[in-house]
Amino acid sequence: MLKYLMKRSGIYLIMIFLTTSAGYFLAVSSLKPAVLEQEKIPRPTPEQVNASFRGLGLDPEKNAWERYLDWLGGILTRWDWGRSPNGAFVNAEFADRVLVSTRLFIASIILTLIIGVALGVYSAARQYKVQDRVITSYSYLVHILPAPIAYFLVQLGAIGINEAVGERIFFVTGISTPGIDPGWPAFVDMVAHYAVPTFAMTIFGWAGYQIAQRQYLLDNVNADFVRTARAKGLTRNQAIRKHALRVSFIPVAQSIAFTIPAIFTGGFFAEAIFAWPGIGLWSIQAISLQDVNVATATLAYGSVIFAIGAILADFATTLVDPRVRVQ
């Protein structure tokens, strides 16, 4: 297993390097921060702009290949991902943004997977009954409802609860209250800020897992190996739990590779609506601000998260599928 994981990691490192390098060249050729700088009032001269950017390692007078070599050399020798046009160090801001996104998404990822799979099994075991129709109908409705509208509805619900109680129990924006005392008050404040976005992303996120798990499980409920298990004395629920569920979970486990990076890097809707300054929102802002280094760093981060998700999916497949043997 260790040899397999090392081999896969090596392959993904090459993929990450190629993807990030291609992204850097694309960003350098399409993002022009010097143009935005020259639109300021009072307008600086081109010489002033070039001198300012040269000090930040963003010299617009160099060609793309020269800038790439300087940027790559900084990463390999100092792990320095460069600076933004406003002078901020990408490394420092990147660490803060990743921490915010991890806090925001890690609980919802776990809850989404557990609840989605559990409800998929529950609805499949009660096919065409009221419970199945209600759960599955909700899941399809969630797929139709755009994420910004869904999150906004949750915000309105939290505000309604606060107004009904007469005090603010839940915070609908922000990550913490300025000036809060450390210890228990800080913990309570964190939970109050964390509850609404986590609840929103969970109840609108497990639908895909529920639909997939239900469909895959129904495809295997009447399979020969399940009927054989029941002929040996197992009840229907026991045959489903011990045999059909394991096989039907294989494609769901493989989808983890695509779900994790999509949540982390594509969660800018949640970060924007709930005012959490995470990595997803930062990546969108980088494009609007013509920030080459930030755009490339977030691309590299997305590639790393995808690689981690793919390895986890392979590992989960080997656990649930006895036919798979890692060579």
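Sequential numbering from 1 along the given sequence is applied to the chain's residues. Computed over heavy atoms, backbone and side chain alike; hydrogens, waters and symmetry mates excluded.
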Do other residues, nucleotides or ligands put more than 12 heavy atoms under 6.0 Å from the [atom1] atom of [X]?
X	atom1	value
Phe187	CZ	no
Phe199	CZ	no
Arg168	CZ	no

Looking at every non-hydrogen atom in both residues, tell me the closest pair between [X] and [Y] and how far apart they are.
X	Y	answer
Tyr209	Val117	CB-N, 4.2 Å
Ala158	Val196	CB-CG2, 3.8 Å
Ala124	Leu217	CB-CD2, 3.6 Å
Glu271	Ser101	OE2-OG, 2.8 Å
Gly87	Leu56	CA-CD2, 3.8 Å
Ala192	Ile169	CB-O, 3.5 Å

Measure the [atom1]-[atom2] distance between [X] and [Y] for me, rounded to the nearest 0.5 Å.
X	Y	atom1	atom2	value
Ile305	Thr298	CD1	OG1	12.0 Å
Leu13	Arg8	CG	CZ	12.5 Å
Ile135	Ile211	CD1	CD1	11.5 Å
Thr112	Gln210	OG1	CD	13.0 Å
Leu72	Thr296	CG	OG1	11.5 Å

So do the side chains of [X] and [Y] get within less than 4.5 Å of each other, counting heavy atoms only?
X	Y	value
Pro148	Ile273	yes
Leu104	Pro197	yes
Phe53	Glu61	no
Phe274	Gln155	yes
Gln213	Leu119	no

Between Ser123 and Gln131, is any side-chain donor less than 3.5 angstrom from a side-chain acceptor?
no
Check: Thr177/Asp189 side-chain N/O donor and acceptor closer than 3.5 Å:
yes
ring-ring contact (aromatic ring centres under 6.0 Å, His included) assessment of Trp65 paired with Tyr68:
CA-CA 5 Å; Trp65 177 250; Tyr68 172 75; 5.7 Å; yes
Checking [X] side chain against [Y] main chain: does a donor-acceptor pair fall under 3.5 Å?
X	Y	result
Thr19	Ile16	no
Ser29	Leu26	yes
Asn293	Arg83	yes
Ser137	Val134	no
Asp291	Ile287	no

For the pair [X] and [Y], name the ring-plane relationship: parallel under 30°, tilted 30 to 60°, perpendicular over 60°.
X	Y	value
Trp81	Trp79	perpendicular
Tyr138	Trp206	tilted
Phe94	Trp282	tilted

Can you list the steps and then say if Trp276 with Phe105 is a ring-ring contact (aromatic ring centres under 6.0 Å, His included)?
CA-CA 11 Å; Trp276 280 60; Phe105 295 118; 8.6 Å; no
Would Leu218 and Gln127 satisfy side-chain contact (heavy atoms from CB on, under 4.5 Å), going step by step from the backbone distance to the final call?
CA-CA 8 Å; Leu218 289 177; Gln127 186 181 17; 3.6 Å; yes
